[in-house]
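Remarks on the structure that follows.
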Amino acid sequence: MAMQCRTKAVRRLLQQMANHHHHQRRQQLSQTPALSADHHHNVLVEGSGYSRLAILNRTSALNAINTSMASRLHKLYRSWEDNPDIGFVMVKGSGRAFAAGGDIVALYRLLKEGNMEACKEFFRTIYSFIYLLGTYLKPHVALLNGITMGGGAGISIPGTFRVATDKTVFATPEVLIGFHPDAAASFYLSRLPGHLGEYLALTGEKLNGVEMVACGLATHYSLLARLPLIEEQLGKLVTDDPSVIETTLEQYGDLVYPDSSSVLQRLEIVDKCFCHDTVEEIVDAVEVAASETKEPWCISTLNRLKEASPLSLKVSLRSIREGRFQTLDQCLLREYRMTLQAISKQISNDFCEGVRARVVDKDMAPKWDPPTLEKVSQDMVDQYFLPLSESEPDLELPTKSREAFL
C-alpha cells in the first residue's frame, strides 16, 4: 500500500513538472517574434537513422532564403556535423524550386526603410553558412530540382554532391538587377571550363540540368520521376563514405549530353568573346560575332549584355577574374565587401533600381546609373574592392578552425 502511495506521489510530481515545463514553453513561444517562430516552418527536417534531410519550405517565395532560414540551416548543420550518429546530410526544396536565391524583395524593402543593419545581418548569415557547407566534414547531397539561382546555388554547389534534374534551371542573374554574382559565385563560376564563368556572370543566362552536369556545376543527373527513388535509396544508407553515396547516385542516375543548342557546344566562341580584359572589348567581340554569323545565340548574348547594369558588368568581370586565384573564404570576404558597397547606395542605386524594375514594379525598364559602360569610371569599380572602413567590421569566418578546401 505504501509503495502504491509513493508511486502516485511520484506520478503527481512528474505531471506537475511536465505541466510547468509546458507552461514555460508556451510563454517562451508567445514572447518570440513572428520571424523566429515562423522559421522552423520554412526549413523542415526529415530523416532518421544515419542521415538528415533539410527541406527548404517557403514555396510561396520559390524558397527564397531569408535571414532566419540561413540561420536555422547553419544551426542544424553544425549540430549534425557534431553528431557521431549522423553519417551524411542532404538538402532539397519544396514545390517547383530548390531556391530562387536570396530574398531580394525583403532586402529592397529593408533598404527603403533605411535598415542597413538587417541587410548586413542577412549577408553575414548566408555567407557564413556557405563557408560551413564548403568546409563540411561530412558528405553532403543537394537535390537541385527546379529553380536554382543566386543564393540557392550558393547553399548547394560548395557541397560534395549536386543532383540536377530535367526540371533544374540554374542562373546567376544578379547583373540584371544591378548587383554582382555573390554567395560564392565568384569562387565556383571562375573554376568552370574556359571563360564560361564570365559568360554566365555577365549575361545571367540559364543552364539546364544536363548542362550543369556537363560543365561540373552538378555532379549527377536524374529525371525528376526517379528522384523519389534516389531519396529512398539514400535514406537507407548507413555510411559516412562519399564513395558509397556516389555509387548510389550513379546507380539510379541518368547519363545525358547537352544538345546542339547548348552554350556548351559553343565554348570556342565563348572563350573567343569572353577572354578579353574589359567589358567593352567583350561586347565588341560579341557584336562582331553576331554580325558575322547572324546566329540567334550571339544576338541573344549581345542583348543580355545590353540589358544589364553597366556598373555591375564591370564589377562582376573583375570579381570572377579575382576569384580564379582565391580560396572560398577569400571570395566570400571580398564578395561581402562588394555587397556592402552595392547596397550602401554611395556609388550607385543600381541594386534598388534593378529590383524595383524587374521584381517589384516589373516594368522591366531600369534606369541604370551610370547609364553606359563609358561612364563607369575605374574609381567606381575600384571602390567595390577596397577594404571596409575601420568602423565597419569585415565578414568573420572561422578559417583557423575550418580551413577551406581548394
Side-chain angles (χ1 to χ4, degrees), residues 64-67 70 73-74 99 101-104 107 111 116 119-135 148-159 170-192 197-198 200-202 204 217 308-309 311-348 350-351 354-355 380-389 392-399 402 404-406:
I65 303 148
N66 55 27
T67 309
L73 284 167
H74 199 283
D103 191 342
I104 55 171
L107 289 167
L111 289 171
M116 187 75 166
C119 294
K120 290 178 194 172
E121 187 192 357
F122 166 73
F123 287 107
R124 279 196 301 267
T125 307
I126 192 168
Y127 289 7
S128 296
F129 173 66
I130 291 166
Y131 186 70
L132 173 69
L133 176 64
T135 57
T148 305
M149 295 188 181
I155 65 161
S156 55
I157 289 175
F170 164 87
T172 50
E174 287 83 358
V175 292
L176 300 170
I177 55 163
F179 201 57
H180 51 272
D182 71 320
S186 68
F187 179 76
Y188 64 76
L189 288 181
S190 65
R191 282 153 175 80
L192 294 180
E198 284 94 331
L200 292 170
L202 300 187
L217 286 170
S309 151
L311 177 59
S312 290
L313 287 173
K314 291 199 172 187
V315 166
S316 299
L317 179 62
R318 179 162 160 188
S319 178
I320 299 298
R321 297 275 160 89
E322 290 195 6
R324 247 185 206 111
F325 305 100
Q326 293 177 329
T327 54
L328 176 63
D329 54 301
Q330 290 170 330
C331 285
L332 287 167
L333 176 65
R334 174 178 44 71
E335 287 173 4
Y336 182 70
R337 291 174 176 177
M338 293 167 64
T339 291
L340 292 205
Q341 296 288 3
I343 65 176
S344 71
K345 304 182 188 177
Q346 288 176 4
I347 306 168
S348 170
D350 274 6
F351 174 63
V355 176
M380 283 177 173
V381 177
D382 288 345
Q383 200 169 327
Y384 271 78
F385 296 83
L386 292 175
L388 300 173
S389 67
E392 184 66 65
D394 258 322
L395 176 69
E396 286 186 22
L397 297 170
T399 49
R402 309 183 68 91
F405 310 126
L406 281 171

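Side chains included, hydrogens not; waters and symmetry mates left out as well; all remaining heavy atoms used. Note that the structure is a prediction, hence the values are computed from the model and not measured.
Partners of Glu322 under the side chain to side chain contact (heavy atoms under 4.5 Å, CB included) rule, at least two apart in sequence or in another chain, are Arg318, Gln326, Arg334, Phe385.
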Please tabulate, for side-chain N and O atoms in residues 172-185, each donor-acceptor pair with protein atoms closer than 3.5 Å (sequence neighbours left out).
| residue | atom | partner | partner atom | Å |
| --- | --- | --- | --- | --- |
| His180 | NE2 | Thr339 | OG1 | 3.1 |
| Asp182 | OD2 | Tyr127 | OH | 2.5 |

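Checking Glu392 against Ser389 by side-chain atom types alone, no donor-acceptor pair falls below 3.5 Å.
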Quick one, Glu396 with Arg124, criterion salt bridge (charged side-chain N to carboxylate O under 4.0 Å, His left out). Give me CA distance, side-chain angles, the key distance, then yes/no.
CA-CA 8 Å; Glu396 286 186 22; Arg124 279 196 301 267; over 6 Å; no
What's the verdict on side-chain contact (heavy atoms from CB on, under 4.5 Å) for Leu395 and Tyr131, showing C-alpha distance, side-chain angles and the deciding distance?
CA-CA 11 Å; Leu395 176 69; Tyr131 186 70; over 6 Å; no
CA sep, side-chain torsions, deciding dist, call: Gln330, Phe187, side-chain contact (heavy atoms from CB on, under 4.5 Å):
CA-CA 9 Å; Gln330 290 170 330; Phe187 179 76; over 6 Å; no
Should Phe122 and Asp103 be marked as a side-chain contact (heavy atoms from CB on, under 4.5 Å) after you check the CA-CA gap, both sets of side-chain angles, and the distance that decides it?
CA-CA 9 Å; Phe122 166 73; Asp103 191 342; 5.6 Å; no
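Considering Leu133, Ile126, Leu132 in turn, Ile126 is the only one that fulfils the side-chain contact (heavy atoms from CB on, under 4.5 Å) rule with Ile130. Exactly one residue among Asp329, Thr327, Thr135, Leu333 makes a side-chain contact (heavy atoms from CB on, under 4.5 Å) with Thr399. That residue is Asp329.
The backbone N or O of Gly197 lies less than 3.5 Å from no partner atom in the side chain of Arg191, so there is not a single donor-acceptor pair. At least one donor-acceptor pair under 3.5 Å links the side chain of Thr125 to the backbone N or O of Glu121.
You'll find the side chain of Pro393 stays beyond 4.5 Å of the side chain of Leu388, heavy atoms only. No side-chain heavy atom of Leu397 sits less than 4.5 Å from a side-chain heavy atom of Tyr336. Contact annotation: the side chain of Tyr384 never approaches that of Ser319 to less than 4.5 Å [non-hydrogen atoms, C-beta and beyond].
In terms of heavy atoms, Ser156 sits closest to Thr148 at OG-CG2, 4.4 Å.
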